Amino acid sequence: MKLPNWLTMARIMMVPLLIVCYYINIKGWNYYAGGILILASLTDMFDGMAARKMHLVSNFGKLMDPIADKVLFMAALLIAMDWGKIGPVIAIVLLAREFVISGFRLVAASDGIVIAAGPIGKWKTIVQLVGIIFVFMEEMFYTWVQIPVGEILIYISVVLSIWSCTEYIYKNRQLLKG
C-alpha cells in the first residue's frame with residue numbers, strides 16, 4: 001500500500017478516536033476532538049498532494065478518500081449534535097447532501113463517468129471543517145472574539161451545501177434521465 005492510501009486509512013482510524021474522546025468525557029475532550037479533526041484534515045491534504053505529485057493515484061484512493069472524509073464529517077456532526085452545539089435539522093441537511101452527492105457519483109461511476117468536486121463544494125468542505133473545529137474548540141476562541149464563530153461557519157456551510165448540491169444535480173441532470 002502506498003503513502004496516500006496509508007494516510008487515508010489513518011484518517012479512517014481517527015474516527016473511533018473522535019468518538020471515544022466524546023463518550024469517555026475526559027476533561028477537555030472537545031479539544032482532543034478538535035485536534036483529531038485538525039490532524040485528519042492534514043492527512044487529507046497530504047494524501048491528495050502525495051497521490052498527485054508522486055503519481056500514486058489509485059482506485060483504492062479514489063474510493064476510500066471520499067468515504068474517509070464523509071465518515072469523519074458524519075461522526076463530527078453527530079457528536080456536535082448530541083453535544084447540543086448544532087441542531088438536528090442542520091445535521092440532517094449536511095448529511096443528506098453527502099448522501100445525494102455520493103448517490104450521484106455512484107450512478108455516474110456505473111456509467112464510467114468520474115465527477116470531480118466543484119469549487120462551491122470544495123469551499124463547503126473547508127468552511128464546514130473549520131466550523132466543526134471551531135465548535136469543538138469554541139471555549140478557547142470564544143474568549144477572544146465573543147461570537148460563536150463555529151456555529152456561524154456551520155450555517156454558512158449549510159448554505160454552501162444546498163448551493164453546491166443544487167449545482168451538482170443541475171450540471172449532472174443527464175444522469176437522472178437514464
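The model shown is predicted, which means the values in this text are computed figures rather than measured ones. Quick note: numbers below take in every heavy atom, side chains included, and nothing from hydrogens, waters or symmetry partners. Quick note: residue numbers are just sequence positions, from 1.
- Note that NZ of K85 is 8.0 Å distant from CG of N30, once rounded to the nearest 0.5 Å.
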Practice task
Test side chain to side chain contact (heavy atoms under 4.5 Å, CB included) on Y32 and L17 and set out the steps.
Solution key: CA-CA 9 Å; Y32 294 116; L17 292 175; over 6 Å; no
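- Considering CD1 of I79 and CD1 of I132, their distance stands at 10.0 Å, rounded to 0.5 Å.
- Within the model, atoms CG of L95 and CZ of R97 stand 11.5 Å from one another, a figure rounded to the nearest 0.5 Å.
- Within the 3.5 Å criterion, the main-chain N or O of Y168 finds a donor-acceptor partner in the side chain of N172.
- Put simply, CG on L77 and CG on L94 are 5.5 Å apart, with the number rounded to the nearest 0.5 Å.
- For E138 against P148, the heavy-atom pair with the smallest separation is OE2-CB, 3.8 Å.
- Across all their heavy atoms, P88 and M81 have their closest contact at CA-SD, 3.4 Å.
- In this structure, K124 NZ and E98 CD are separated by 3.5 Å, a value rounded to the nearest 0.5 Å.
- Clustering ILVMFWY residues whenever any of their side-chain heavy atoms sit less than 4.5 angstrom apart, transitively, puts I162 in a cluster other than the one holding Y170.
- With rounding to the nearest 0.5 Å, the separation of CD1 in I86 from CD1 in I154 is 6.0 Å.
- The environment of Y31 atom OH is dense: over 12 non-hydrogen atoms of other residues, nucleotides or ligands sit within 6.0 angstrom.
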Exercise for the section: Start with the C-alpha distance between D44 and D69, add both sets of side-chain angles, then the distance that settles side chain to side chain contact (heavy atoms under 4.5 Å, CB included), and finish with yes or no. Expected result: CA-CA 8 Å; D44 188 24; D69 293 343; 3.4 Å; yes
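- Neither M13 nor V20 shares a network with the other; the hydrophobic side chains, linked directly or stepwise wherever heavy atoms of I, L, V, M, F, W or Y lie under 4.5 Å apart, form separate groups for each.
- Between W83 and W29, the gap from one ring centroid to the other is short of 6.0 Å.
- Hydrophobic clustering places I24 together with L37 (ILVMFWY residues linked when any side-chain heavy atoms are closer than 4.5 Å, directly or through intermediates).
- Taken together through direct or relayed side-chain contacts under 4.5 Å among Ile, Leu, Val, Met, Phe, Trp and Tyr, W6 and V15 form part of one hydrophobic cluster.
- In terms of heavy-atom proximity, L153 sits nearest to G131 at CB-CA, 3.6 Å.
- For the residue pair S41/R11, the side-chain donor-acceptor check at 3.5 Å is not satisfied.
- By the rule that hydrophobic residues join a cluster once side-chain heavy atoms approach within less than 4.5 Å of another member, I92 and V159 end up as members of separate clusters.
- Defined by atom type and a distance below 3.5 Å, a donor-acceptor pair is present between the side-chain atoms of Y22 and D82.
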Practice task
Please lay out, stage by stage, how T43 and D47 fare under the test side chain to side chain contact (heavy atoms under 4.5 Å, CB included).
Solution key: CA-CA 6 Å; T43 66; D47 77 12; 5.7 Å; no
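- Between V135 and G150, the shortest heavy-atom distance links the atoms CG2-C, 3.7 Å.
- For the residue pair A33 and C21, the shortest heavy atom distance occurs at N-SG, 4.3 Å.
- Closest non-hydrogen pair, K171 versus Q174, comes out as O-OE1, 3.4 Å.
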